[in-house]
Number of protein chains: 2
Amino acid sequence: MTRQAPTLEDVAREAGVSRATVSRVVNGVRNVDPAIQDAVRTAIRSTGYAPNRAARSLVTRRAETIALVVSGAGDDSETEQNAFAARALADPFFGRVVSGVVGFLRPRSMYPVLMFAETEAARQQVVAYLRQGSADGALVFSTRAEDPLPALLASEGLPCALFARPLPQAPVSFVDVAHREGAQLAAEHLLGRGCRRIATVAGPLELPAAQDRLAGFRDTMARHGRPWIPVAEGRFTVDSGAAAMNRLLSEHPDIDGVFAANDLMAQGACEALRESGRRVPDDVAVIGFDDSSAALACRPPLTTVRQPVQEMAATMARLLQEQIEGIRTEPTSVVFDAELVIRDSA
Amino acid sequence: MTRQAPTLEDVAREAGVSRATVSRVVNGVRNVDPAIQDAVRTAIRSTGYAPNRAARSLVTRRAETIALVVSGAGDDSETEQNAFAARALADPFFGRVVSGVVGFLRPRSMYPVLMFAETEAARQQVVAYLRQGSADGALVFSTRAEDPLPALLASEGLPCALFARPLPQAPVSFVDVAHREGAQLAAEHLLGRGCRRIATVAGPLELPAAQDRLAGFRDTMARHGRPWIPVAEGRFTVDSGAAAMNRLLSEHPDIDGVFAANDLMAQGACEALRESGRRVPDDVAVIGFDDSSAALACRPPLTTVRQPVQEMAATMARLLQEQIEGIRTEPTSVVFDAELVIRDSA
DNA sequence: TTGAAAGCGCTAACAC
DNA sequence: GTGTTAGCGCTTTCAA
């Protein structure tokens, strides 16, 4: 058996002071005699003391833990549930979100609890988890439209912050990128390099992000005298991007510029173009969106509209933290600028 | 302000019983009168009671939480630390590990806490986290050789289970796949389809997995009268696989079969072969390892050696859980069979 | 089968 | 500046 872990009491005895004093030193509360501080610290070292999180949480009423919830649509089968997790993590986007979140939390000695909410039962588990005080709040990364989770959390009064604006509007904080302006950058770049037959591979149009990117692209083209452009819809995956590109090519073989609403679809578009015997960017220029790892993995490397995902994710965590601490009481949104990253594909 | 959360006491009062009885009902302890059970359950519903995790943990001495640690090498810069997380999650392998772990934990209402341990400071944070009782044990997914974390956890007496055999041997449980036998399957398949000039792209040879795959491949080739085969080393990434393939081709342009030690490198090899004007599998057959999402994303889809990653990860979680519960006291290893999945590349 | 009561390890209000 | 003390909400003997 492992010997019993030392408690505050043990340290106090060792240092010849009271529990309260040790607690003050551990928590860095001022008004403690430097000499006593030293004695306490020595005792902490010699006993190998580590504060017990449960005991602390019980009195502070804080778990000092936040949940990172990947929300989406899925059916109830067990296979599907497991597949959902794998699929979500496979998205290069998600890695950067985690990275940004961890970048914010780690200096605070906090770590995210990873949860998946793709069914009603799973959503209820998330709510239960938070209501038990297992976590102080939730960061929600939604991969579907009409996600009921944000509104559910809001109605339960549970702190949360979202990555991207929720579609059924809900009174919760979120971060987002300026999709329309990002798409505008893409449109202007294609026009600027002289493309005449321009088309776009849109994302799933039930998602606000996909809608906004398409709208921004269309508006800009219209403002430049091109009121109508061919559109094919994909599902933000490589395969769907390739398929959409093929559909566009079959109807408009003379396309010389394409804006895909994310990098994965841009990658698929590049593959489809290559297989059709076209060169990128010489015959057709391609621009993606996100600047995810797929942009660099793609041949040729993608010119793309960059979202500062890590920074956005860190801000999302900060918004949540401020809400938990009661510093912030009203839902807040922070929208980041997009930026064009020019590589080889356009 | 949110109203105070209801406690056991509140439920007890509402149901007209004692705290102890409510606790028994909540925890499903037998010996409670069915009528009283009903009354208690009604009271739980009407009060909206949710058990407080901290209070429970304090007395049970269980966090009912486990850490999922991605361990690896990195420098101390903040940029690098964040990059590490993004890189780890970008590996298609990791998503399946998470998926398997979550598949085991979720039915138990547990969720993994995601931690990264790429520096000494980060490793100490992991140890501190466990010693505080924030988590009951750690699942370690190591991306480097000579990882000091397993031995560190073992020496602190902290429960842990690893994905893959640790290189500096440590007295900890782990799951693994039969790398040598898997490589043997690949070798035999290439030989069976008539390849005469066979080479291999090995993984980073400081990793036991890479060593074992190479050894298994070499041994099998030797047993079939080919004591020497060209080897180029990669780093388990697409780019390094392409580079390794190019090195092999420059010295042995007549290669007609390649075994890459993982799918990402196999994908890179396919790209390099295509760029050199060779067709896969007609001119050169390619076999990967893992059966990760990269195997399907690759053109052509990869014939590969499948590791049952999800099952392995679930077993790893089970080994840890049993250790935490004290059911299992000795370090245990479980090694899974590999399986050849035949697609188009060989 | 149920209740009373002790106590898990900690923080924080209050007294000194 | 430091100590005393009262809980935080729960599980778990022990008695009844």
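Order of the sequence lines fixes the chain letters, A, B, ..., with proteins taken first and strands second; residue numbering starts at 1 for each chain.
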Protein and nucleotides 4-7 of chain C: nitrogen or oxygen contacts under 3.5 angstrom:
| unit_1 | atom_1 | unit_2 | atom_2 | d |
| --- | --- | --- | --- | --- |
| C:dA6 | N6 | B:Arg19 | NH2 | 3.3 |

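Listed pair A:Arg61 / C:dT11 fails the phosphate criterion, with no side-chain N or O lying under 4.0 Å from OP1 or OP2. Contact annotation: B:Arg62 side-chain N/O to D:dT11 OP1/OP2 distance is not under 4.0 Å. At C:dC10, none of the side-chain N or O atoms of A:Ser23 fall inside 4.0 Å of OP1 or OP2 (strictly under the cut-off). Side-chain N/O atoms of B:Asn52 include none lying less than 4.0 angstrom from OP1 or OP2 on D:dG9. OP1 or OP2 of C:dT2 has not a single side-chain nitrogen or oxygen of B:Thr21 nearer than 4.0 Å. Within the 4.0 Å cut-off from OP1 or OP2 of C:dT11, at least one side-chain nitrogen or oxygen of A:Asn27 is found.
Using modelled atom types and a 3.5 Å distance limit, the side chains of B:Asp10 and B:Thr47 yield no donor-acceptor pair. Between the side chains of A:Gln125 and B:Ser109, no donor-acceptor pair is found at a separation under 3.5 Å.
Between the side chain of B:Arg106 and the backbone N or O of A:Phe116 there is at least one donor-acceptor pair closer than 3.5 Å. The backbone N or O of A:Ala63 sits less than 3.5 Å from a side-chain atom of A:Asp136, completing a donor-acceptor pair. Judged by distance alone, with hydrogens and angles left aside, the side-chain atoms of A:Ser134 form no donor-acceptor pair with the main-chain N or O of A:Leu130 at under 3.5 Å.
Of all nucleotides listed (C:dG9, D:dT2, D:dC10), D:dT2 comes nearest to the side chain of A:Asp33. Relative to the side chain of A:Leu58, the nucleotides C:dT11, C:dC8, D:dC8 differ in distance, and D:dC8 lies closest.
Atom CG in B:Leu8 sits roughly 18 Å away from atom P in D:dG7 (whole-Å rounding). Whole-Å rounding puts the A:Arg56 CZ to D:dG9 C1' distance at 18 Å. Here the P atom of nucleotide C:dC10 and the CD atom of A:Glu64 are 15 Å apart, to the nearest Å. We find that CG of B:Asn31 is positioned 14 Å from C1' of D:dT12, with the value rounded to whole Å.
By the ring-ring contact (aromatic ring centres under 6.0 Å, His included) test, B:Tyr129 is found to be paired with A:Tyr111, residues two or more places apart in sequence or in another chain being considered.
For the residue pair A:Met316 and A:Val97, the shortest heavy atom distance occurs at CE-CG1, 4.2 Å.
If you check every strand for non-hydrogen atoms under 4.0 Å, B:Val17 touches sugar and phosphate atoms only.
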